[in-house]
Structure formats: C-alpha cells, structure tokens
Amino acid sequence: MNFSHLRKDFPTLCEDNPPAYLDNACVTLKPQQVIDSISDYYTKYPGCGGRSVHSYGTQVSRLVQQSRKSLAKFINADSVNEMIFTSNTTNSLNQVAKGLSWDEGDIIITGDREHNSNLVPWLQLKQEFGIDLIVVKSNSDNTFNMQNFEEACSQAGDKLKLVSMSHIGNLDGVKIPIKEITKVTHDYNALISVDGAQSTPHMKVDVKDLGIDFLSFSIHKMCGPSGMGALWGREELLENMRTIKAGGQTITSTTYDSVEWAKPPAKFEGGLGNFAGMIASGSAIDYLSKLDMDSIHAHEVQLNRIMTDGIKHLNGIEIIGPEKPEMRSGICSILMNDLPAHDIAILLDEAAGVMVRSGHHCVNSWFNDRGHTDGSLRASTYFYNTEEEAKLFVDTFCEAVEAFS
Ligand SMILES: Cc1ncc(COP(=O)(O)O)c(C=O)c1O
C-alpha cells in the first residue's frame with residue numbers, strides 16, 4: 001500500500017526540501033490534525049478536566065474521555081477504565097514496577113535486548129527490594145529463544161512473579177512471540193507486562209488476543225504529542241495496584257489519617273494533567289485508526305528491504321538482527337565497527353537531509369555485553385516514508401561509508 005497521499009497532512013513534509021525522516025523509533029512526525037487539537041485546547045477551552053463543572057471543564061472532560069475510548073478501542077481493551085494516560089512508556093513501566101507488591105526473592109524475567117526503560121526499573125527493584133532478575137539470552141541473530149525462556153521460568157518456579165518483554169525491540173526491530181510467552185508465563189501463575197513502544201505504532205496489537213496483563217506504549221511514537229504515553233492493564237489488576245502518583249484526583253475522599261482510593265484510571269492520574277496532550281492523543285489514535293495496521297507493517301518492511309539490499313554488501317558494517325528484513329520490521333540498525341557512527345549520522349543529515357539515530361538507543365546492556373561500545377547507526381521507518389527516501393538513505397550512506405573508509 002502506498003501512503004504517500006498522507007504526506008500532505010504532515011507540515012514538516014510539506015516544506016521545500018523536506019527531510020527523509022528516519023528516526024521514527026524515537027519519535028514520529030505529527031499530522032496537522034494533532035497539532036490542531038493541541039492548539040484548540042489552548043485557544044478554545046484551556047480548562048481543567050475531571051473537576052471543574054464550568055463549560056471549559058466539561059468540554060475538556062468530554063474530549064479526554066473520547067480520547068481514552070479511542071485508545072481502548074485501538075488495542076481492543078475490554079473497558080475504557082483500563083486505559084491510563086502516562087507521559088511515556090518509561091512512566092508506564094515504572095507504574096507497573098513500583099505499583100505491584102514485591103517480596104525479597106521474587107523473580108522477574110526479561111530479555112537481553114531491552115530498552116533501559118524495561119531493564120532499569122527491574123534493576124532498581126533488585127537493589128531496593130532484593131528481587132532477582134533473570135535475563136533470557138536470545139539466539140545469536142537476536143531472535144527469541146523459547147527454550148532459554150522456558151528454562152528460565154522453570155529455574156524461577158513459584159518465585160516467578162513477572163515477565164516483562166518488549167514486543168518489538170528498538171535495537172533491531174525483531175518481534176518476539178508474545179502469545180506463546182504469555183501462555184508459559186501464566187502456567188507459572190505469573191503476570192506478563194509487554195513493552196509495546198515499538199509494536200503498538202506499527203502493527204495491530206490486540207491485548208485480548210495476546211492474553212497479556214499490562215501493555216505500555218508511547219503515543220509520541222504514533223503521531224501523537226510529545227510526552228504522552230499510555231498504560232493498559234486488566235481492570236482487576238489495576239484496582240489492586242498501588243499508584244505512584246498519589247494526590248489530587250486519585251481519591252474519592254480523605255480524612256487526616258485515611259484515604260479512600262478512586263477507581264482506575266483516576267487513581268493513577270494524580271495532579272493536573274496534560275489535557276492538550278490527552279486530547280491530541282485521541283486525534284493521533286483516530287488518525288491511525290483509519291489506516292490498515294497490516295499495510296503499515298508491510299510498507300515498512302518493504303522500505304527496510306530497500307535499505308538492507310542497498311547496504312549489506314558494504315565492507316566493515318553489519319546489520320544487527322536476522323538477515324531477512326521481514327524479521328526486523330521497519331528498523332535497519334547497523335554496527336559501524338571502526339567507522340564513526342555519529343559523524344556519519346551528521347553527514348547524512350547535512351548532505352541530504354537524511355535523519356537517522358546513532359548511539360546505543362538506550363540498549364546499553366546489549367552493546368556492552370558484546371563490546372560494541374560505539375553503538376550503531378539506526379534508520380527506522382513509518383508509513384509516511386517513501387521508497388525514494390529509503391533509496392536516498394542507501395545512496396548517501398554508501399557514499400559516507402566510502403568517504404570514511
Ligand atoms: C522498546 C522501547 N521501550 C521503551 C522505550 C521508552 O520510550 P519513552 O522514551 O517514550 O518512554 C522506547 C523508546 O524508544 C523503546 O523503543
């Protein structure tokens with residue numbers, strides 16, 4: 001499917017000489033519809049939702065609830081009350097980490113290609129509560145090793161409390177079999193938290209079909225406003241989970257020595273919120289809901305195929321993950337070995353407006369383990385990217401590698 005007719009919705013793509021923006025795993029561009037929603041909040045009804053009963057307040061409450069409904073529908077949640085607005089995936093995962101109850105010796109399992117947001121909260125629990133963390137080793141091409149996972153679960157036994165895995169890795173675009181992982185996790189009566197930062201924007205994610213317990217994602221990676229994310233959790237789990245944002249909005253009543261907690265989602269959204277962000281999140285989700293997620297995925301794989309085929313012959317570089325682009329979604333992450341990744345990233349932008357990411361992509365643990373201390377150069381696509389942009393990346397990257405060799 002060709003999505004190029006949608007480029008007109010994105011102001012940055014309508015400028016003269018628009019960039020070939022290939023840093024979508026970090027943050028995506030915003031369509032005018034989302035920008036208008038933000039502006040409408042500040043210019044037309046800049047009030048406080050959920051509390052004030054004047055017309056600004058009522059309008060904001062209505063739009064926030066509409067936005068929450070769009071999000072719930074997008075991931076096929078059972079109830080709108082299961083949808084919590086957060087500031088990003090990091091915030092959502094920290095709510096899970098600090099909201100559940102832990103005993104010393106409890107075991108959490110995670111993967112060996114995780115973003116720091118799905119590693120550091122567990123390491124913090126290890127430091128502070130004495131929980132144990134098992135890191136499951138992937139295959140040598142970074143694909144998921146089910147046997148290693150099952151062995152880790154068996155080693156943990158009844159101490160296993162939580163499995164937290166990224167659905168698609170931002171390091172390499174590799175997708176892991178969440179449904180099968182969930183089944184094994186539940187066989188051990190443990191919970192499963194999914195870091196959906198790289199899957200929810202790019203493919204159909206159905207929380208009921210996957211059977212998972214928590215899903216964390218970032219709305220700024222799906223055309224939404226910066227600093228907006230969401231946490232979905234099964235209602236009964238959320239009802240029993242501690243909030244990490246205790247305060248206004250999170251209670252139904254207090255006395256000087258007692259608190260009566262509000263039901264989710266209010267319990268988790270303490271303090272005056274980013275209403276412009278919440279409302280514009282709904283606009284972003286409504287925008288994506290009109291597109292076919294399978295076609296988005298197929299389009300990104302096609303762009304990745306162009307990038308992969310165009311650079312794989314170069315000496316001195318190595319694409320992280322499996323050879324086949326269809327196993328790396330829209331992400332082409334390249335180990336530069338002796339070549340300077342940052343300098344090449346700057347050159348691509350200055351010479352041709354090709355914007356990519358260089359460094360460790362917050363997956364320091366994977367690079368440190370393998371001794372690739374300089375990280376990688378990563379091109380990551382979205383539906384508005386074109387085949388011409390993928391070819392431009394190939395041409396400029398090949399020239400840059402030659403220039404630095
Ligand atoms: C897989 C994954 N998890 C977590 C995060 C953290 O997202 P955020 O910075 O929006 O909290 C990212 C960001 O790139 C990611 O790719």
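Only this structure's heavy atoms are used, side chains among them; waters, hydrogens and symmetry mates stay out. Computed from a predicted structure; not experimentally measured. Order of appearance sets the numbers: ligands from 1, and atoms from 1 within every ligand.
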>> Checking the N or O distance criterion of under 3.5 Å, is ligand 1 in contact with Thr90?
In response: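 For ligand 1, there is an N or O atom that lies under 3.5 Å from one belonging to Thr90.
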>> Is it the case that ligand 1 has an N or O less than 3.5 angstrom from some N or O of Gln198?
In response: yes
> What protein heavy atom is closest to atom 12 (C) of ligand 1, reported as residue, atom name and distance in Å?
Replying inline: His115 CD2, 3.2 Å
> Looking only at protein heavy atoms, which one is nearest to atom 3 (N) of ligand 1, and how far off is it?
Replying inline: Asp195 OD2, 2.5 Å
Does ligand 1 have a heavy atom under 4.0 Å from the side chain of [X], from its backbone, from both, or from neither?
| X | value |
| --- | --- |
| Ser216 | neither |
| His220 | side chain |
| Thr89 | both |

Any ion pair linking [Y] and [X] (charged N to carboxylate O, less than 4.0 Å)?
| X | Y | value |
| --- | --- | --- |
| Asp292 | Lys204 | no |
| Asp112 | Arg370 | yes |
| Glu326 | Lys324 | no |
| Lys391 | Asp395 | no |
| Arg328 | Asp172 | no |
| Asp78 | Lys208 | yes |

Is the shortest distance from a heavy atom of [X] to ligand 1 less than 4.0 Å?
| X | value |
| --- | --- |
| Glu114 | no |
| Cys26 | no |
| Asn118 | no |
| Lys221 | yes |

>> Would you call the rings of Phe393 and Phe397 parallel, tilted or perpendicular, taking 30° and 60° as the class edges?
In response: parallel
>> Quiz question: by atom type and distance under 3.5 Å, do the side chains of Asn116 and His360 form a donor-acceptor pair?
In response: no
>> Under 3.5 Å, is there a donor on one side chain and an acceptor on the other for Arg62 and Gln65?
In response: no
Short list, please: which atoms of ligand 1 are under 4.0 Å from a heavy atom of [X]?
| X | result |
| --- | --- |
| Asn88 | 8 (P), 10 (O), 11 (O) |
| Ala25 | 14 (O) |
| Ser117 | 4 (C), 6 (C) |

